[in-house]
Amino acid sequence: MLDKQIMQALTHVVTELYDAADITLSLEKTPKEFDGDYTLVVFPLLKRSKKKPEVTAEEIGTKLVEQYAIIDTYNVIKGFLNLSVTSRALYDAIAEHGCKIPTIAKTSKPYLVEYSSPNTNKPLHLGHLRNNLLGYSISQILMACGYHVKMIQIINDRGIHICKSMLAWQQFGHGETPDSTGIKGDHFVGKYYVEYEKAYRKQVNDLTDSGMSQAEAEQEAPLNKAVQNMLRQWENKDPETIALWKTMNQWVYDGFKTTYQQLGVHFDKNYYESDTYLLGKQVIQEGLEKKIFYKKADGSVWVDLTAHGLDHKILLRSDGTSVYMTQDIGTAIARYHDFEFDSMIYTVADEQDYHFQVLFIILEKLGYAWAKNCHHLSYGMVILPTGKMKSREGTVVDGDDLMSQMKKTAQEIAKSRTTIANEKVSEQIGIAALKYQLLKVDPKKQVLFDPKESIDFHGKTGPFIQYTYARIQSIIRKNGKTEPFSFPENLRMEERVMIKKALDYQNQVHAAGQQRSPAILANYLYDLVKSYNSYYQEVAILSETQTQTRSFRIALSAHVACIIQAAAKLLGFDVPEKM
RNA sequence: GCGCCUGUAGCUCAACUGGAUAGAGCAUCGGCCUUCUAAGCCGAGGGUUGCAGGUUCGAGCCCUGCCAGGCGUGCCA
């Protein structure tokens with residue numbers, strides 16, 4: 001790679017001149033208002049060169065041009081050494097540049113990525129979509145970087161939430177099913193969750209109207225008593241309850257399957273809370289014996305994290321039942337037994353930052369060396385222009401609805417254009433619009449999702465990226481055969497910009513992987529596509545008469561298309577051949 | 001109260017991890033389709049990077065103190 005070559009040259013020259021091999025050099029891209037391709041900032045070298053910035057830069061520049069054929073010219077402005085590489089060097093670099101990413105993985109042990117991890121009492125909403133897209137994309141990026149990624153999730157299939165749906169279905173369901181009603185399974189179960197809440201609220205209100213306090217009413221409402229009872233029955237493995245639980249969960253899984261398919265995500269292994277929730281308890285017991293944890297008089301078990309600047313955290317309730325943390329400890333250890341992973345990422349919203357901070361410390365205290373390779377991919381909430389999504393106020397944006405709405409919008413836009421867009425392409429475009437909009441934002445920031453703006457397919461959007469790809473494919477189709485290409489004698493300014501942008505692809509994928517941020521790749525991809533469109537506008541490609549130049553331009557275009565397709569895939573969307 | 005995150009153009013976001021005159025999209029205004037797909041391109045206007053100090057050759061980025069918003073914070077998940 002060209003930047004690596006230049007780095008090597010610089011290291012060599014700087015060692016020769018100032019014996020400064022130990023000083024880390026900062027090589028950057030030259031801003032467009034200056035002449036040059038790459039810029040060395042010489043300030044860090046001054047303490048060794050003992051000369052003025054300008055003089056130091058001059059000395060390095062002179063030697064570079066003398067000794068390295070790829071360096072064409074240089075200029076010095078203050079402490080900045082701007083290097084111009086030869087067109088030949090750019091050509092050579094792009095000619096051998098591939099769409100494959102060099103590996104940065106230093107182990108072949110698995111790299112686990114957890115994402116999605118839904119509750120089984122309602123369908124997926126917009127917030128889940130962000131989670132799924134982030135988790136899936138970072139998995140693809142890490143795979144591209146050479147890691148052996150396994151995508152996993154923990155399904156929260158037990159607990160009070162699913163019991164509410166079960167109870168409501170028992171009481172108000174009259175035996176209807178997703179099949180008998182034609183309602184998608186997860187929506188069907190979600191409907192009964194809502195019905196439970198409605199009926200429960202009414203009971204609470206009736207009780208407070210008759211003079212009971214709010215807290216007491218919430219406790220005493222018949223539905224609450226019934227649902228608590230149902231949870232106990234579940235834990236006692238009452239056959240009828242277990243059977244109903246299995247049936248309703250299966251309805252949900254059938255529904256999720258469709259949603260995941262539409263979303264284009266999948267998993268290598270599912271963990272179920274009903275299988276893992278007991279695992280943690282025995283680990284807590286062991287930790288208690290090793291005095292890593294302590295027990296209070298009331299029987300509850302705690303860990304003291306004050307040495308880490310944190311608080312005390314409960315691990316087992318006084319009645320001996322497990323809490324969220326207990327389960328997560330058990331699940332993590334179970335995963336290690338299953339995979340002997342090197343690293344693991346949890347894709348979970350930022351409201352659980354503290355939880356994971358504590359989890360990783362506890363695992364470390366328990367002596368698990370891999371704990372230091374556990375990471376929380378924390379992301380901000382998706383909010384609407386009207387504020388947070390609130391299920392009680394009916395402002396939750398449903399995932400399935402949103403996806404079909406995006407597809408519909410894509411179809412409508414296609415109709416108003418001259419080019420055709422069939423069913424499949426419309427779906428590709430709609431889903432790309434959705435995915436790009438959610439992924440282009442830095443994970444740790446909130447995403448504001450404006451339904452009105454989301455139907456704009458112009459500008460910095462997924463469809464724009466797809467459109468550019470389709471344009472290039474059109475050129476390739478019209479040209480017919482793939483022909484050999486060679487150095488076109490000279491490169492135009494637009495070409496140099498385009499080539500440098502393309503050469504940056506692999507670095508950007510590495511950066512996205514290392515920083516666990518698909519947004520880095522998403523923003524790069526937009527820049528690349530933007531550069532290509534300028535190039536396309538300014539430079540004749542098919543209509544270029546000089547054969548050698550034309551074949552090079554077509555090859556360059558094809559290479560850009562290759563990067564677009566590969567990068568889009570890492571972000572989780574496809575690019576159509578025509579649109 | 002304490003902890004973490006965020007604050008950049010009217011709005012939504014970038015800024016290569018400390019580099020040069022802070023960039024894009026949307027919105028507004030003005031150009032470009034008899035030539036490779038106008039879901040495109042070119043141009044204009046729009047900024048005290050929340051405020052105040054500090055660190056150094058250099059700060060949107062690091063440190064301190066405020067202000068605003070978000071999320072948490074010993075028996076919800």
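Quick note on labels: first sequence line is chain A, next is B, and so on, each numbered from 1. On a predicted model such as this, the values are computed, not experimentally measured, just so you know.
- Using cut-offs of 30° and 60° for the angle between ring planes, the A/F552 and A/F485 rings count as tilted.
- Nucleotide B/rA27 has no partner under the Watson-Crick or G-U criteria, as no pair reaches both atom distances under 3.5 Å.
- A/W245 has its side chain within reach of A/I162: a pair of non-hydrogen atoms, C-beta onward, lies under 4.5 Å apart.
- If you take CZ of A/F356 and C1' of B/rU73, they are 16 Å apart, rounded to a whole angstrom.
- Looking at heavy-atom distances under 4.0 Å, A/K578 makes contact with a base.
- Using a 4.0 Å cut-off between charged nitrogen and carboxylate oxygen, A/E54 and A/K78 do not count as a salt-bridge pair.
- Taking 3.5 Å as the limit, the base of B/rA39 and the side chain of A/T468 contain no donor-acceptor pair of atoms between them.
- Stacking here means ring centres nearer than 5.5 Å and ring planes tilted less than 30 degrees, and by that measure A/F464 does not stack onto B/rA39.
- Phosphate proximity of B/rG40 to A/H458: present, with a side-chain N or O under 4.0 Å from OP1 or OP2.
- B/rC13 atom P lies 8 Å from atom CD1 of A/I383, rounded to whole Å.
- The shortest distance between the side-chain N/O atoms of A/S474 and the OP1/OP2 oxygens of B/rU37 is below 4.0 Å.
- At whole-Å resolution of the value, CG in A/L310 and P in B/rC4 are 10 Å apart.
- Listed candidates were B/rC16, B/rG40, B/rA39. Nearest to the side chain of A/F457 is B/rA39.
- Side chain of A/M381, nearest nucleotide from B/rG70, B/rG40, B/rC36: B/rG70.
- As judged by a 4.0 angstrom heavy-atom cut-off over every strand, A/K313 is placed among residues making no nucleic acid contact.
- For B/rA77, one of the phosphate oxygens OP1 or OP2 lies less than 4.0 angstrom from a side-chain nitrogen or oxygen of A/R317.
- At the heavy-atom level, A/Y354 lies under 4.0 Å from the strands shown only through sugar-phosphate atoms.
- Within the nucleic acid shown, A/S26 has no heavy atom closer than 4.0 Å to any nucleic acid atom.
- Distance check on atom C1': B/rU37 versus B/rG69 gives 44 Å, rounded to whole Å.
- For A/K440 and B/rC13, a side-chain-to-base donor-acceptor distance below 3.5 Å is absent, hydrogens and geometry of angles not being considered.
- The residue from A/Y324, A/Y346, A/F360 that alone fulfils the ring-ring contact (aromatic ring centres under 6.0 Å, His included) condition with A/H355 is A/Y324.
- Distance, A/D527 CG to B/rG23 P: 13 Å, rounded to whole Å.
- Of the listed nucleotides (B/rC36, B/rC75, B/rG19), B/rG19 has the atom at the smallest distance from the side chain of A/F43.
- Contacts of A/K296 with the nucleic acid, taken as non-hydrogen atoms under 4.0 Å apart, are absent.
- Checked for salt-bridge contact, A/K407 and A/E423 meet the test: a charged N lies under 4.0 Å from a carboxylate O.
- Under the 3.5 Å distance criterion, with hydrogens and angles disregarded, a donor-acceptor pair is assigned to the side chains of A/T120 and A/N249.
- In this structure, A/D442 reaches the sugar-phosphate backbone alone: every heavy-atom distance under 4.0 Å involves primed, P, OP1 or OP2 atoms, never a base.
- Each of A/A511 and A/Y467 was assigned the nucleotide of RNA chain B with the nearest heavy atom; the assignment lying further toward the 5' end belongs to A/A511.
- Atom pair A/E273:CD and B/rC76:P shows a separation of 15 Å (rounding to whole Å applied).
- When heavy atoms are screened at a 4.0 angstrom cut-off, A/V76 is found touching no nucleic acid atom at all.
- Between A/Y505 atom OH and B/rC16 atom C1' the separation is 17 Å, expressed in whole Å.
- Comparing the P positions of B/rC66 and B/rG1 gives a spacing of 11 Å, expressed to the nearest Å.
- Applying the 90° criterion around 0 to the glycosidic angle, B/rC33 comes out syn.
- At the phosphate of B/rU37, OP1 or OP2 sits under 4.0 Å from a side-chain N or O atom of A/K478.
- Taking the 5.5 Å centre cut-off and the 30° plane limit, the aromatic side chain of A/Y526 is not classed as stacked on B/rA24.
- Using a 4.0 Å heavy-atom cutoff across all strands shown, A/I475 reaches sugar-phosphate atoms only and no base atom.
- Nucleic acid contact for A/K388: sugar-phosphate only, since backbone atoms but no base atoms lie under 4.0 Å from a heavy atom of the residue.
- The pair A/D186-A/K122 fails the salt-bridge criterion, with no side-chain N (NZ, NE, NH1 or NH2) lying under 4.0 Å from an Asp/Glu carboxylate O.
- The pair A/K29-A/D3 does not count as a salt bridge, with every side-chain nitrogen at least 4.0 angstrom from each carboxylate oxygen.
- When the nucleotides B/rA20, B/rC75, B/rC13 are ranked by their closest atom to the side chain of A/L448, B/rC13 comes out on top.
- Here A/K445 reaches the OP1 or OP2 of B/rG7: one of its side-chain N or O atoms lies under 4.0 Å away.
- Side-chain nitrogen and oxygen atoms of A/K78 include none within less than 4.0 Å of the OP1 or OP2 phosphate oxygen of B/rG58.
- Looking at heavy-atom distances under 4.0 Å, A/V41 makes contact with a base.
- Stacking between A/Y536 and B/rG40 is absent: the ring centroid is not both under 5.5 Å from the six-membered base ring centre and under 30° in plane angle.
- Between A/N523 and A/N533, the residue anchored nearer the 5' end of RNA chain B, judged by the nucleotide with its closest heavy atom, is A/N523.
- Here A/I429 lies in heavy-atom contact (under 4.0 Å) with a base.
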Worked verdict on A/V382 versus A/H125 for side chain to side chain contact (heavy atoms under 4.5 Å, CB included): CA-CA 10 Å; A/V382 181; A/H125 63 245; over 6 Å; no

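- Computed from coordinates, the A/Q537 CD to B/rG31 P distance equals 17 Å when rounded to whole Å.
- Closest to the side chain of A/R471, from the set B/rG40, B/rC36, B/rC5, is B/rG40.
- Judged by distance alone, with hydrogens and angles left aside, A/N479 brings no side-chain donor or acceptor close enough to the base of B/rC36 to form a pair under 3.5 Å.
- Side chain of A/S543, nearest nucleotide from B/rA24, B/rC36, B/rA38: B/rC36.
- On a pure distance criterion of 3.5 Å, a polar donor-acceptor pair joins the side chain of A/N82 and the base of B/rA20.
- Across all strands shown, A/Q357 has no heavy atoms under 4.0 Å from either base or sugar-phosphate atoms.
- Counting non-hydrogen atoms under 4.0 angstrom, A/S534 reaches the backbone sugars and phosphates but no base.
- Base engagement by A/E577 is indicated by at least one non-hydrogen atom pair under 4.0 Å involving a base atom.
- Separating the CD atom of A/E33 from the P atom of B/rG19 is a distance of 15 Å, rounded to the nearest angstrom.
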